[in-house]
Number of protein chains: 2
Amino acid sequence: MTTIRDVAKKAGVSVATVSRFLNSTGYVSQEAAEAVSAAVAELKYELNPVARSLNTKKSNLIGLILPDITNPFFPELARAVEDIALTYGYTVILCNSDEKPEKEKNYIETLKKKYIAGFIVTSNQSDAPHYANANLPIVALDRIINEKIPTISSNNKEGASLGTKALLDRGCKNILFLRGPEDLNPANDRYEGFMETIQQVDANYHVVSCPFHFADSQKIVEQMLRDHPEIDGIFASSDVSAAGALKAAALLGIAVPEKLQIVGFDGVALGEMLTPGLTTVAQDVYKMGAIATRVLIKRIENQEIDHQFYEVPVKLVLRGTTRSGIE
Amino acid sequence: MTTIRDVAKKAGVSVATVSRFLNSTGYVSQEAAEAVSAAVAELKYELNPVARSLNTKKSNLIGLILPDITNPFFPELARAVEDIALTYGYTVILCNSDEKPEKEKNYIETLKKKYIAGFIVTSNQSDAPHYANANLPIVALDRIINEKIPTISSNNKEGASLGTKALLDRGCKNILFLRGPEDLNPANDRYEGFMETIQQVDANYHVVSCPFHFADSQKIVEQMLRDHPEIDGIFASSDVSAAGALKAAALLGIAVPEKLQIVGFDGVALGEMLTPGLTTVAQDVYKMGAIATRVLIKRIENQEIDHQFYEVPVKLVLRGTTRSGIE
DNA sequence: CTAGTATGTGTAACCGGTTACACAACTATA
DNA sequence: TATAGTTGTGTAACCGGTTACACATACTAG
């Protein structure tokens, strides 16, 4: 392995000059620069990032902390983070937290020892002093940790309003809202959006809390549809829940979208694979991940960031679980 | 930050003794051990992994190279790798290769500079000298790179046979086999398994190549069902393709499973969310990832491994796209 | 003409570990 | 009793970079 000393010798300068040239720090004469450049090329010198880390106390590692990569929302996010990180020369470490503060804390401490550059965090823990005190660049997704930590989020409230209107516009009079976990910020924003919209019109509605889990949602919806046959529209706070609702309807022999219309939230690939295709409020997950990564890297590199809060717009995607015409 | 020198001073010994104690290398007297142990506890000393890496030229980083985490097969794999790695004190770096040898090579080189401990590779590139020459512990999933690299794979051929039989046993006489990409090892094993099984019985069949992609599969199947209305069973080499087939059938108004039965391959979560639920040959993806990680860590730590080739059994999961009784 | 600033470079300490080697003391063997 | 082997420890070099500081030269302004 060629070291900076080999390069210095070959170029006839000191290691300090080589280092200055490589890092564009301090003065280096034209002459010296060329000599070093030539030596680097000739020796095929490549800087050792570990040695550098040891005294700069920095690395180009980014930690991505998410609850569970297995949850269909996260792979696309991870993909975006990795893509963008790569273009800036950063490497992504995957951390599944299972929402456990203990695990998150553990990752943060382990990776701090490796001089990790920063973290992107997707978590629903309402309180997280280990983030606030981490003393590291952090960007949050979907949840505000504190006012100093930039946050990227979908426009959940607006999205919920869109989804609700989609059902109302298509004639629904009795809407079931599948509310997500109550300790989850984005789910609560969606709840607010639904409530504000539904209360402006003359329609009945039910709200049921329901985890973002297929089988549970299916069971809950099945029971609701049995107890309340008048329900003619379901708005689920996640696509997975919506899939559960669709399955429940199928099992009960309720025609979708003729007798019951369903709208989901997320826009994951699953939606188009269902029959009928799932109408949903689609988040631009890739974009969220991309923005989060760019913001984080700016923070890492001490550049100014434009905002503390980025809201990514959502989009209504109409498919087969809603009727085509607006009544 | 407390260093090994602080500990040495506190314990009244040399840094060498501290290091020997921490690494269990060389001789350390009972007395010295206790003094060091006490000093470590008192100073809350934690070893700096970067400094260690610099001269051992080793780290506890594992690279996970996969085509695209967005593909529903991989999140569970990634999860397994991360879980197991964590229990052994390793950290996982996520690398999306998009099947491009260039990207893979780039990751390998970048991470080698960080003294990465080893790689788990899921790739379909048939030729990969950069792996063979990487001079690092590597474990392959689903594909044999060369005889020196341990490989973990599902029993694809056996699985294909199972899936084919499931259709035959339920009365299918005209089976469409959706073969996967032809440059993909596991897909070819499944093809072989299908062919061997179907040729032993008196049944018609068609074979069509078809990427593991929903919309493409749907189109291909739609066309095939139009051209060959006699088809009464479809065996897809992946669940995503099977989902496409199911959608095609729905669009054409063909009753599943009454007129057409469908079996997929993979066992991803999507299967149970479809209506009817997808009968499939399920791979134990988590187990594959777990085994791969354990084998890799054994290689990293120079322990003996049991086999060069691990075949993980598959399981037929019966759901609604096949009829319940065997005829 | 001189002080002050910008330009340019090298020496050597430092980041925080590991380890080769030298050396001491003690035990076992012939 | 001489010799070899085992146990135990410390010094200092080393991994491969960065950077504080000292020093030298050239240029500018007063």
Side-chain angles (χ1 to χ4, degrees), chain A residues 1-40 43-61 89 109-117 301-302, chain B residues 1-40 43-61 89 109-117:
Chain A
M1 174 177 269
T2 45
T3 73
I4 197 171
R5 284 166 233 270
D6 300 329
V7 174
K9 193 174 290 177
K10 185 113 200 166
V13 297
S14 72
V15 291
T17 299
V18 177
S19 181
R20 277 190 290 256
F21 170 76
L22 294 173
N23 297 294
S24 313
T25 58
Y27 301 107
V28 177
S29 67
Q30 184 77 29
E31 212 179 351
E34 278 161 19
V36 172
S37 188
V40 165
L43 298 173
K44 295 202 174 111
Y45 169 74
E46 292 183 286
L47 193 143
N48 182 321
V50 176
R52 170 181 277 177
S53 277
L54 182 57
N55 50 75
T56 58
K57 298 188 188 306
K58 281 170 197 157
S59 75
N60 56 357
L61 258 34
E109 284 174 8
T110 307
L111 295 177
K112 265 181 105 167
K113 286 190 221 153
K114 293 193 202 293
Y115 300 128
I116 195 147
E301 297 179 353
N302 283 317
Chain B
M1 172 177 270
T2 45
T3 73
I4 196 171
R5 282 165 234 271
D6 300 330
V7 174
K9 192 174 289 175
K10 186 111 199 168
V13 297
S14 72
V15 291
T17 299
V18 177
S19 181
R20 277 190 290 258
F21 170 76
L22 295 173
N23 297 294
S24 313
T25 59
Y27 300 107
V28 177
S29 66
Q30 183 78 28
E31 210 178 352
E34 277 160 20
V36 172
S37 187
V40 165
L43 298 173
K44 294 198 175 116
Y45 168 74
E46 293 184 284
L47 192 143
N48 182 321
V50 177
R52 169 181 278 179
S53 277
L54 182 57
N55 51 76
T56 58
K57 300 189 187 306
K58 281 172 197 155
S59 76
N60 56 357
L61 258 33
E109 283 175 8
T110 306
L111 295 177
K112 264 181 105 167
K113 286 190 221 155
K114 292 194 202 295
Y115 301 128
I116 194 146

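Chain naming here is simple, since letters A, B, ... match the order of the sequence lines and numbering starts at 1 in each.
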Hey, can you pull the residues of residues 32-40 of chain A with a non-hydrogen atom under 4.0 angstrom from DNA chain C?
Ala32(A)
Specify the residues of residues 48-59 of chain A, ordered by number, for which at least one heavy atom lies under 4.0 angstrom from an atom of DNA chain C.
Leu54(A), Asn55(A), Lys57(A)
Non-hydrogen side-chain atoms of Ser19(A) and Asn23(A) separated by less than 4.5 Å
yes
Rounded to the nearest 0.5 Å, how far does NZ of Lys9(A) lie from OG of Ser14(A)?
13.5 Å
Can you find a heavy atom in the side chain of Val50(A) that is under 4.5 Å from one in the side chain of Tyr115(A)?
no
Closest non-hydrogen contact found for Met1(A) with Asn48(A) is SD-ND2, 4.2 Å
Say you draw a straight line from OG1 of Thr110(A) to CD1 of Ile116(A); how long is it, rounded to the nearest 0.5 Å?
10.0 Å
Between Tyr115(B) and Glu31(B), name the one whose nearest nucleotide on DNA chain D is closer to the 5' end.
Glu31(B)
Result block: side-chain N/O donor-acceptor pairs under 3.5 angstrom for residues 26-38 of chain B, not counting sequence neighbours:
unit_1: Ser29(B); atom_1: OG; unit_2: Ala32(B); atom_2: N; d: 3.1
unit_1: Gln30(B); atom_1: NE2; unit_2: Glu34(B); atom_2: OE2; d: 3.1

Side-chain touch Thr2(B)/Lys10(B), heavy atoms, less than 4.5 angstrom
no
Spacing of CD belonging to Glu46(B) relative to NZ belonging to Lys112(A), to within rounding of 0.5 Å:
10.5 Å
Need the bend value for the helix from dC1(C)-dG30(D) to dA30(C)-dT1(D): angle between end axes, 5 pairs each end, nearest 10°.
40°
Counting the atoms with a prime plus P, OP1 and OP2 as sugar-phosphate, which does Gln30(A) contact under 4.0 Å by heavy atoms, base, sugar-phosphate, or nothing?
nothing
Those residues of residues 9-28 of chain B lying under 4.0 Å from DNA chain C by at least one heavy atom
Ala16(B), Ser19(B), Asn23(B)
For Lys113(A), does the NZ atom sit with more than 12 other heavy atoms under 6.0 Å from it, leaving out its own atoms?
yes
Separation of Arg52(A) CZ from Asn60(A) CG (nearest 0.5 Å):
9.0 Å
Mind checking the CG-CD1 spacing from Leu43(B) to Ile4(B)? Nearest 0.5 Å is all I need.
12.0 Å
So, applying side-chain contact (heavy atoms from CB on, under 4.5 Å) with Val7(B), which one of Val13(B), Val15(B), Val18(B), Leu22(B) is it?
Val18(B)
Provide the start and end nucleotides, 5' to 3', of the part of DNA chain C that has atoms under 4.0 Å from heavy atoms of chain B.
dG16(C) to dT19(C)
